[in-house]
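Worksheet: the structure to be examined is printed underneath.
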Amino acid sequence: MSSLQHSGKAAGGSGADQSGLRYPSNGKTIYHRPLNRTKTGELSGSAFAYLFAEMVGYARKGIQSIQDLEKSLNTQGHPIGVKLLDLLLHREPPRSQTRPLNIITLLHFIKQNVWQHLFGRQADGLEKSSDATKPDEYMIIDNEPLVNRYISVPKDMSQLNCAAFVAGIIEGVCDGAAFPAKVTAHSVGKQEDPAEMWPGRTVFLVKFAPEVMERESFLGKS
């Protein structure tokens with residue numbers, strides 16, 4: 001207990017009884033750190049697992065259905081995606097520091113840049129819907145989503161996919177880039193099959209708004 005008190009006095013500088021926020025003795029806070037650092041710190045797997053489990057537990061409070069829980073996780077991820085877009089574009093070289101101007105460019109940006117920043121690798125696949133009646137649907141594929149690796153789902157919620165949080169991040173990136181879309185996470189791996197190579201395989205279905213497709217069609221003709 002005494003060591004904690006001692007640390008608090010050192011961090012607070014001269015006034016141990018000062019109220020409000022305490023600043024480091026050098027006067028610099030996290031807000032003084034540059035945004036365009038080339039190397040980013042990594043979070044340990046155990047710390048991430050604990051934090052994300054708490055996020056899922058928080059989202060589950062008062063929730064009656066799996067759909068509502070996934071929607072809550074999506075909502076948590078959305079603002080992260082909006083801010084992440086600006087951050088990643090800021091870190092791009094000046095010659096390529098432009099927002100995506102079409103759907104394919106945006107999706108490749110998410111598959112490569114966003115996934116690399118969040119998970120240290122690119123997504124495993126990017127496909128367009130083979131259904132000719134659904135030209136507004138695209139799929140980003142992750143064979144082993146990190147957010148599902150440490151989550152134990154109860155039997156009564158076997159259909160739950162906590163990657164809905166990542167779907168919210170993707171949706172936020174799309175909205176921030178002026179490509180409004182609805183993004184949902186779907187489990188496609190056969191978890192009950194011991195021969196399945198990727199039992200946790202997840203497809204993120206990206207369905208763009210009608211105005212996006214109308215704009216895309218107009219740009220294609222010009």
Side-chain angles (χ1 to χ4, degrees), residues 30 42-88 106-107 109-111 113-121 123-126 129 134 136-192 198-212:
I30 189 174
E42 294 184 357
L43 181 67
S44 69
S46 57
F48 171 78
Y50 176 79
L51 176 61
F52 188 67
E54 289 298 311
M55 292 173 60
V56 175
Y58 177 82
R60 192 178 179 182
K61 292 181 179 179
I63 296 299
Q64 302 298 326
S65 67
I66 294 175
Q67 291 75 17
D68 289 341
L69 177 53
E70 290 184 342
K71 183 177 180 181
S72 179
L73 291 171
N74 184 291
T75 301
Q76 289 186 24
H78 187 275
I80 297 176
V82 175
K83 297 175 182 178
L84 185 59
L85 173 67
D86 289 332
L87 176 62
L88 294 181
L106 172 65
L107 292 176
F109 177 83
I110 295 172
K111 175 182 180 291
N113 300 55
V114 173
W115 242 256
Q116 185 68 40
H117 177 79
L118 292 176
F119 309 117
R121 60 177 177 83
D124 296 298
L126 173 62
S129 175
K134 299 178 180 179
D136 55 345
E137 291 186 355
Y138 292 79
M139 292 165 284
I140 299 173
I141 303 167
D142 193 327
N143 289 334
E144 191 178 7
L146 177 65
V147 293
N148 290 346
R149 189 176 302 172
Y150 305 104
I151 296 296
S152 179
V153 179
K155 290 184 178 180
D156 61 329
M157 303 185 73
S158 59
Q159 300 302 314
L160 172 66
N161 191 327
C162 291
F165 174 72
V166 180
I169 295 178
I170 299 173
E171 191 170 312
V173 172
C174 292
D175 289 349
F179 287 79
K182 179 64 178 176
V183 185
T184 51
H186 304 271
S187 301
V188 296
K190 300 177 181 179
Q191 299 188 7
E192 67 282 356
W198 304 110
R201 191 179 193 192
T202 295
V203 168
F204 297 93
L205 181 63
V206 185
K207 184 177 179 64
F208 289 99
E211 58 267 27
V212 175

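Values below: every heavy atom of this structure, side chains too, minus hydrogens, waters and symmetry copies.
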Judged by modelled atom types alone, do Asp124 and Trp198 share a side-chain donor-acceptor pair under 3.5 Å?
no

Could you go through the side chain to side chain contact (heavy atoms under 4.5 Å, CB included) check for Leu84 and Leu118 one step at a time?
CA-CA 10 Å; Leu84 185 59; Leu118 292 176; 4.0 Å; yes

Verify side chain to side chain contact (heavy atoms under 4.5 Å, CB included) between Leu160 and Glu70, making sure each step is shown before the conclusion.
CA-CA 7 Å; Leu160 172 66; Glu70 290 184 342; 3.6 Å; yes

Find out whether Val173 and Val82 are in side-chain contact, i.e. whether some heavy atom of one side chain is under 4.5 Å from a heavy atom of the other.
no

Quick one: CZ on Phe48 to CE on Met55, what's the gap to the nearest 0.5 Å?
8.0 Å

Can you find a heavy atom in the side chain of Ile169 that is under 4.5 Å from one in the side chain of His78?
no

Closest contact, heavy atoms only, Ala167 versus Phe204
N-CE2, 3.8 Å

Tested for side chain to side chain contact (heavy atoms under 4.5 Å, CB included) against Ile170, the lone hit among Asn74, Val114, Leu107, Val183 is Val183

Only one of Asp142, Asn148, Asn143 passes side-chain hydrogen bond (donor to acceptor under 3.5 Å, both in side chains) with Arg201; say which it is.
Asn143

Closest heavy-atom pair, Tyr138 versus Phe208, reported as atoms and distance to 0.1 Å, is CD1-CE1, 3.7 Å

Within the structure provided, determine whether Val166 and Pro145 are in side-chain contact (heavy-atom separation under 4.5 Å).
no

First locate atom CD of Glu54, then atom OH of Tyr58, and finally report the distance between them rounded to the nearest 0.5 Å.
12.0 Å

Strictly distance-based, threshold 3.5 Å: is any side-chain N or O of Thr75 a donor or acceptor partner for the main-chain N or O of Lys71?
yes

If you look at every heavy atom in Ala163 and Thr202, which pair is closest and at what distance?
CB-CG2, 4.2 Å

What pair of heavy atoms forms the shortest contact from Pro180 to Asp175, and how long is it?
CA-OD1, 3.1 Å

Measure the spacing between CG of Leu69 and NZ of Lys61 and express it to the nearest 0.5 Å.
13.0 Å

Straight-line distance of Asn113 CG to Leu87 CG, nearest 0.5 Å:
11.5 Å

Taking atom CZ of Arg60 as the centre, report whether more than 12 heavy atoms of other residues, nucleotides or ligands fall under 6.0 Å from it.
no

Around atom NZ of Lys207, are there more than 12 heavy atoms of other residues, nucleotides or ligands at under 6.0 Å?
yes

Hey, what do you get for CD (Glu137) to NZ (Lys182), rounding to the nearest 0.5 Å?
13.0 Å

Return the minimal non-hydrogen interatomic distance between Gln76 and Ala59, and the atom names on each side.
NE2-CB, 3.4 Å

Looking only at the aromatic ring of each residue, does the gap between the centers of Phe52 and Phe165 stay below 6.0 angstrom?
yes

What is the distance from atom CD1 of Ile80 to atom CD of Glu171, rounded to the nearest 0.5 Å?
13.0 Å

Among side-chain atoms of Asn161 and Ser187, is any donor-acceptor pair under 3.5 angstrom?
yes

Is it true that atom CD of Gln159 has more than 12 heavy atoms of other residues, nucleotides or ligands lying nearer than 6.0 Å?
no

Can you confirm whether Leu205 sits close enough to Ser129 that some side-chain heavy atom of one is under 4.5 Å from a side-chain heavy atom of the other?
no

Between Ala123 and Ile140 the two heavy atoms that sit nearest each other are CB-CG2, 3.8 Å

